[in-house]
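Here is the structure we will look at.
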Number of protein chains: 2
Amino acid sequence: MFAYITTAGQMKANKSLTVPDSSTEEKIKNAARRIFHKKGFAATRTRDIAAETGINLALLNYYFRSKQKLFDIIMLETMQGFLQSIKGVFNDELTSFDHKITAIVNNYIDLLIAQPDIPLFILSELKTNPQDLLGKIGMKDILMKSHFLKQFKEAVKAGKIAPIHPMHFIMNLMSMAVFPFVASPMIMGLGELSQKDFNELMTQRKVLIPKWIKALLKAK
Amino acid sequence: MFAYITTAGQMKANKSLTVPDSSTEEKIKNAARRIFHKKGFAATRTRDIAAETGINLALLNYYFRSKQKLFDIIMLETMQGFLQSIKGVFNDELTSFDHKITAIVNNYIDLLIAQPDIPLFILSELKTNPQDLLGKIGMKDILMKSHFLKQFKEAVKAGKIAPIHPMHFIMNLMSMAVFPFVASPMIMGLGELSQKDFNELMTQRKVLIPKWIKALLKAK
DNA sequence: GAATGAATTAATCAAATGTTTAATTATTTT
DNA sequence: AAAATAATTAAACATTTGATTAATTCATTC
């Protein structure tokens with residue numbers, strides 16, 4: 001029944017090494033990524049993806065079989081990309097704890113200024129999908145078994161920072177860097193900020209947050 | 001055409017003063033609230049609301065005319081409720097700046113432990129709907145013209161805290177209190193936390209966040 | 001207690017939406 | 001160049017889904 005689709009799948013496997021992003025399959029994925037990121041799975045129409053790609057609706061199922069399968073691919077790639085951008089920092093054995101904080105905040109904020117829809121997309125869809133995705137990308141080990149976390153625990157032991165649950169630390173770091181992007185419509189509304197104003201504030205935070213985090217770690 | 005519905009609306013206006021939450025209209029709203037909060041507008045099916053209410057689907061339209069109108073009511077009430085819980089604190093002229101911080105954090109976290117779906121719901125739907133909602137509930141004035149903000153600016157002038165954009169302060173406060181709830185699936189997954197573990201961490205944060213915020217305000 | 005209006009339901013509609021089919025065009029293979 | 005395979009499209013299908021209609025039950029009023 002799906003013989004020709006299987007073949008298409010094979011074509012993809014072959015082509016993906018040689019053909020650039022302008023292949024039909026990549027064009028569909030790019031359009032799908034944009035729309036899924038902006039509207040989420042439930043509010044996205046396959047017809048809209050096809051229209052934005054500039055192809056016939058049937059081609060979407062020809063290449064990806066279903067909306068769900070296409071979504072799963074986009075979701076996985078998105079989470080991998082999100083993780084990739086900080087993976088290196090977390091396990092760099094050569095940099096100090098303080099330097100890692102700065103590097104992580106800088107990486108996150110740069111990424112989010114460029115792609116501000118990603119965090120709300122991930123958090124919304126992660127709630128529907130269970131945590132099998134978290135397992136699939138191995139986020140847990142990358143973060144919780146990282147050199148970064150080891151350094152945190154050592155600093156606690158050495159009495160350099162207050163003894164709090166490591167998760168509080170992770171939450172504070174993520175909160176201050178990521179939340180403003182999740183809440184940007186509200187923040188821009190409340191503060192009467194333009195997109196440019198907002199991005200300027202976020203750029204300021206690249207230097208402010210590390211400072212704040214260090215102050216807060218020593219508190220009390 | 002909708003004569004009987006108009007009448008139903010009138011009935012509601014009359015009844016709402018005397019009839020308890022067990023009226024059909026309230027039962028529909030309660031079910032709608034639960035499902036909208038959990039799945040958002042796009043993923044919610046009117047049939048699911050009807051089923052959860054235990055009524056015939058047609059009654060939903062009889063009372064509320066459309067899914068959108070029902071949603072608008074829930075959305076407005078949700079935002080008002082969310083705001084209501086901190087409105088008083090913000091403009092209490094009798095309490096200190098530090099006390100307000102503690103009160104706000106406590107109010108927020110108590111509310112979110114009880115209704116953890118609310119922030120992601122609001123932030124997701126606020127992105128679709130423009131900011132006309134923000135205007136409708138007058139959030140801007142309550143927050144930005146508050147006694148709380150005045151106290152912040154005075155403390156900056158007096159040199160008691162570092163001179164940062166007030167929006168940074170608001171973002172930090174909201175981030176640290178609200179973001180963990182928005183990201184709870186990820187946080188619980190990463191930290192291998194049960195719901196109980198998570199709630200305990202959040203309860204700890206009621207005392208930790210005010211401490212952190214104060215430390216961070218003086219940083220550098 | 002008949003009459004009137006409100007509340008509720010079963011059934012149906014119409015549009016939206018994900019998916020498939022069958023045919024056509026383009027490309028590759030022999 | 002013919003044959004075979006892949007890519008693409010127009011059209012249609014089958015469900016889903018929000019909404020409506022027409023009838024029925026329930027409650028209130030006179």
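Below, read A as the first sequence line, B as the second, and so on, with proteins coming before strands; counting in each chain starts at 1.
For the pair A:T24 and D:dA7, the criterion of a side-chain N or O lying under 4.0 Å from OP1 or OP2 is not met.
Only A:T44, A:R45, A:T46, A:R47, listed by number, bring a heavy atom of residues 44-51 of chain A to less than 4.0 angstrom from any atom of DNA chain C. For the contact set between residues 52-60 of chain A and DNA chain D, defined by any heavy atom under 4.0 Å, the members are A:I55, A:N56, A:A58, A:L59.
There is no side-chain donor-acceptor pair under 3.5 Å between B:N172 and B:S175. Using a 3.5 Å distance cut-off with no hydrogens or angles, the side chains of A:T95 and A:K100 do pair a donor with an acceptor.
In this structure, B:F64 places its CZ atom 12 Å from P of C:dT8, rounding to the nearest Å. The nearest whole Å value for the distance from the CG atom in A:L70 to the C1' atom in C:dG18 is 12 Å. To the nearest angstrom, C1' of D:dA7 lies 5 Å from OH of A:Y62. Atom P of nucleotide D:dT21 and atom CG of B:N61 are separated by 11 Å, given to the nearest angstrom. The separation between B:Y63 atom OH and C:dA6 atom P is 11 Å, rounded to whole Å.
Taking the six-membered ring where the residue is Trp, A:W212 and B:H168 present perpendicular rings, their angle passing 60° and hence far from 30°. The aromatic rings of B:F82 and B:Y108 lie tilted to each other, with the angle between the two planes from 30° to 60°.
Using a 4.0 Å cut-off between a side-chain N of Lys or Arg and a carboxylate O of Asp or Glu, B:K127 and A:D117 qualify as a salt bridge. Ion pairing of A:K206 with A:D110 is present here, as a side-chain N (NZ or NE/NH1/NH2) and a carboxylate O approach within less than 4.0 Å.
For B:F169, the ring pair (Phe, Tyr, Trp, His ring centres under 6.0 Å) criterion is met by B:F97, B:F148, B:F152, not counting sequence neighbours.
Ring-centre distance between B:F121 and B:F41: not below the 6.0 Å cut-off.
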